[in-house]
Amino acid sequence: MSENSNKIERIENEKLVELLGSIRSDNSEENMIAVLKEAAVARFLVPVDGTDGNYSFHAVSDSKGKKYMVVYCDSDSFEVAFENKKEPQNGVIAGFADLIDVVMSPKMDLSGFVINPGSEEVLFGKDMLKMIAAQMGIGGDGTAKVGEPDRYPPELKEALEGYLLIEPTVSDIWVRLMRENGTDRLIWLVVANAEGEGEPLKYTLENLRKYCLPYLDNMDAMVVSSNEDFAKQVIQNVKPFVSRKD
């Protein structure tokens, strides 16, 4: 988690805020899955007291005495919650995997976390988080987990189609979302069916990475050749994101 103190980075998460609102009127399994998918790639604001390395997290208790860590999914909710406090509220930014790590820590007597308590108030219990952690590969062997993204950056497809028009050595491009196991770091994995080898291939892949970056919603990217064993596994039975039109 990264500390923000009084200079808190603004967090928006517009889609997640909208989905959390819909949960209040319709907590169907479909809506909960949509919330989960969005939350898994979001960053949150966590109110804390103390200093870096010696945090005290805020928590609320239910009628059975179970404690849930308090988190907020956007800056507006965070500010409203503490608008009557005399001193500015300190906070840290955390990814979904960070929240799971805190809840699962043997040192923490927590039963889960609650998003936006007092308003949307969506709760993630410990049992649910254990299943999510297993699916996300949190706490594993440090290898990457790759999968189909919930959505792609809106301008990426058109941009890559344009790239194929100007780069004759690349015929197909796959785009996947990669999460480093044990962290909440998400990056785009771009796999290219590119001609050549050695330095010329390396040059082509690096140029493709630079070309992609402005269209990746401020996320980083790793670009690899489709000939690599890792890439072959990732794109097996997966249709290319874009292909050269003959």
Side-chain angles (χ1 to χ4, degrees), residues 1-52 55-105 108-126 128-129 132-133 136 138 149-151 153 179 183-186 217-219:
M1 298 189 188
S2 57
E3 186 176 4
N4 288 273
S5 293
N6 297 333
K7 297 180 180 179
I8 299 177
E9 176 187 344
R10 291 206 66 81
I11 301 294
E12 299 296 338
N13 289 328
E14 292 181 6
K15 185 175 180 181
L16 180 56
V17 172
E18 180 182 341
L19 289 168
L20 289 174
S22 70
I23 286 292
R24 299 195 69 176
S25 58
D26 179 9
N27 63 349
S28 65
E29 181 179 356
E30 182 181 357
N31 278 351
M32 282 301 297
I33 291 174
V35 167
L36 175 57
K37 285 184 176 180
E38 195 67 24
V41 295
R43 295 190 302 162
F44 299 84
L45 281 166
V46 183
V48 296
D49 298 323
T51 58
D52 193 5
Y55 291 137
S56 173
F57 297 101
H58 291 204
V60 294
S61 298
D62 64 11
S63 58
K64 298 179 180 179
K66 294 181 178 180
K67 292 194 300 183
Y68 297 88
M69 183 171 64
V70 170
V71 307
Y72 295 89
C73 70
D74 69 324
S75 295
D76 290 342
S77 299
F78 184 93
E79 291 165 0
V80 168
F82 298 101
E83 61 185 352
N84 295 323
K85 188 175 180 180
K86 293 181 180 180
E87 297 294 328
Q89 176 61 51
N90 286 352
V92 294
I93 291 177
F96 199 76
D98 291 323
L99 302 180
I100 293 178
D101 285 343
V102 173
V103 170
M104 296 302 174
S105 172
M108 306 294 292
D109 181 24
L110 293 169
S111 296
F113 64 83
V114 58
I115 302 176
N116 292 5
S119 52
E120 290 81 11
E121 202 160 302
V122 174
L123 186 146
F124 286 86
K126 207 165 189 175
M128 178 187 291
L129 292 175
I132 295 170
M136 291 172 67
I138 296 171
D150 188 39
R151 66 183 187 281
R179 180 189 299 276
T183 79
D184 69 327
R185 184 172 183 253
L186 288 169
D217 290 347
N218 297 315
M219 289 172 59

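For the single chain, residues carry numbers from 1 onward in sequence order. Note that the structure is a prediction, hence the values are computed from the model and not measured. Atoms considered below: every heavy atom in the structure, side chains included; atoms not considered: hydrogens, waters and symmetry mates.
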(message) Evaluate Met104 against Leu110 for side chain to side chain contact (heavy atoms under 4.5 Å, CB included), listing each step before the verdict.
(response) CA-CA 8 Å; Met104 296 302 174; Leu110 293 169; over 6 Å; no
(message) So does Gly95 get a backbone contact from the side chain of Asp98, meaning a donor-acceptor N/O pair under 3.5 Å?
(response) yes
(request) State which residue, out of Leu16, Leu20, Val80, Val17, fulfils the side chain to side chain contact (heavy atoms under 4.5 Å, CB included) condition with Asp74. (result) Val17
(request) Would you mind reporting whether Leu129 and Leu99 have side-chain heavy atoms less than 4.5 Å apart? (result) no
(message) Using 30° and 60° as the class boundaries, would you call the ring planes of Phe44 and Phe96 parallel, tilted or perpendicular?
(response) tilted
(message) Rounded to the nearest 0.5 Å, what separates atom CD in Glu120 from atom CG in Leu19?
(response) 11.0 Å
(message) Using 0.5 Å steps for rounding, measure from the CZ atom of Phe57 to the CZ atom of Phe113.
(response) 12.5 Å
(request) Count the heavy atoms belonging to other residues, nucleotides or ligands that lie under 6.0 Å from CD of Glu121, then report whether that count exceeds 12. (result) yes
(message) Rounded at 0.5 Å granularity, tell me how far CG in Asn13 sits from CZ in Arg43.
(response) 8.5 Å
(message) Can you give me the closest heavy-atom contact between Leu36 and Phe124, atom names plus distance?
(response) CD1-CE2, 4.0 Å
(message) Let me confirm one number: the CG-CD1 distance from Leu45 to Ile115, rounded to the nearest 0.5 Å.
(response) 12.0 Å
(message) Surrounding CG of Asp26 (heavy atoms of other residues, nucleotides or ligands, distance under 6.0 Å), is the total greater than 12?
(response) yes
(message) More than 12 heavy atoms of other residues, nucleotides or ligands under 6.0 Å from CD of Glu14: yes or no?
(response) no
(message) Does Lys37 have more than 12 heavy atoms from other residues, nucleotides or ligands lying within 6.0 Å of its NZ?
(response) no
(request) Give, for atom CZ of Phe78 and atom CG of Asn116, the distance between the pair rounded to the nearest 0.5 Å. (result) 11.5 Å
Between side-chain atoms of residues 60-71 and protein atoms elsewhere (two or more places apart, or another chain), which donor-acceptor pairs fall under 3.5 Å?
{"unit_1": "Asp62", "atom_1": "OD1", "unit_2": "Lys64", "atom_2": "N", "d": "2.9"}
{"unit_1": "Asp62", "atom_1": "OD1", "unit_2": "Gly65", "atom_2": "N", "d": "3.0"}
{"unit_1": "Asp62", "atom_1": "OD1", "unit_2": "Lys66", "atom_2": "N", "d": "2.8"}

(message) Using every non-hydrogen atom in the two residues, find where Val102 and Met108 come nearest and quote the distance to one decimal.
(response) O-CG, 3.3 Å
(message) Within this structure, what is the CD1-OG distance for the pair Ile93 and Ser75, rounded to the nearest 0.5 Å?
(response) 8.0 Å
(message) Applying side-chain hydrogen bond (donor to acceptor under 3.5 Å, both in side chains), can you list everything that pairs with Glu79, at least two apart in sequence or on another chain?
(response) Arg10
(request) Determine the minimum heavy-atom distance between Asp49 and His58, stating which atoms define it. (result) OD2-NE2, 3.2 Å
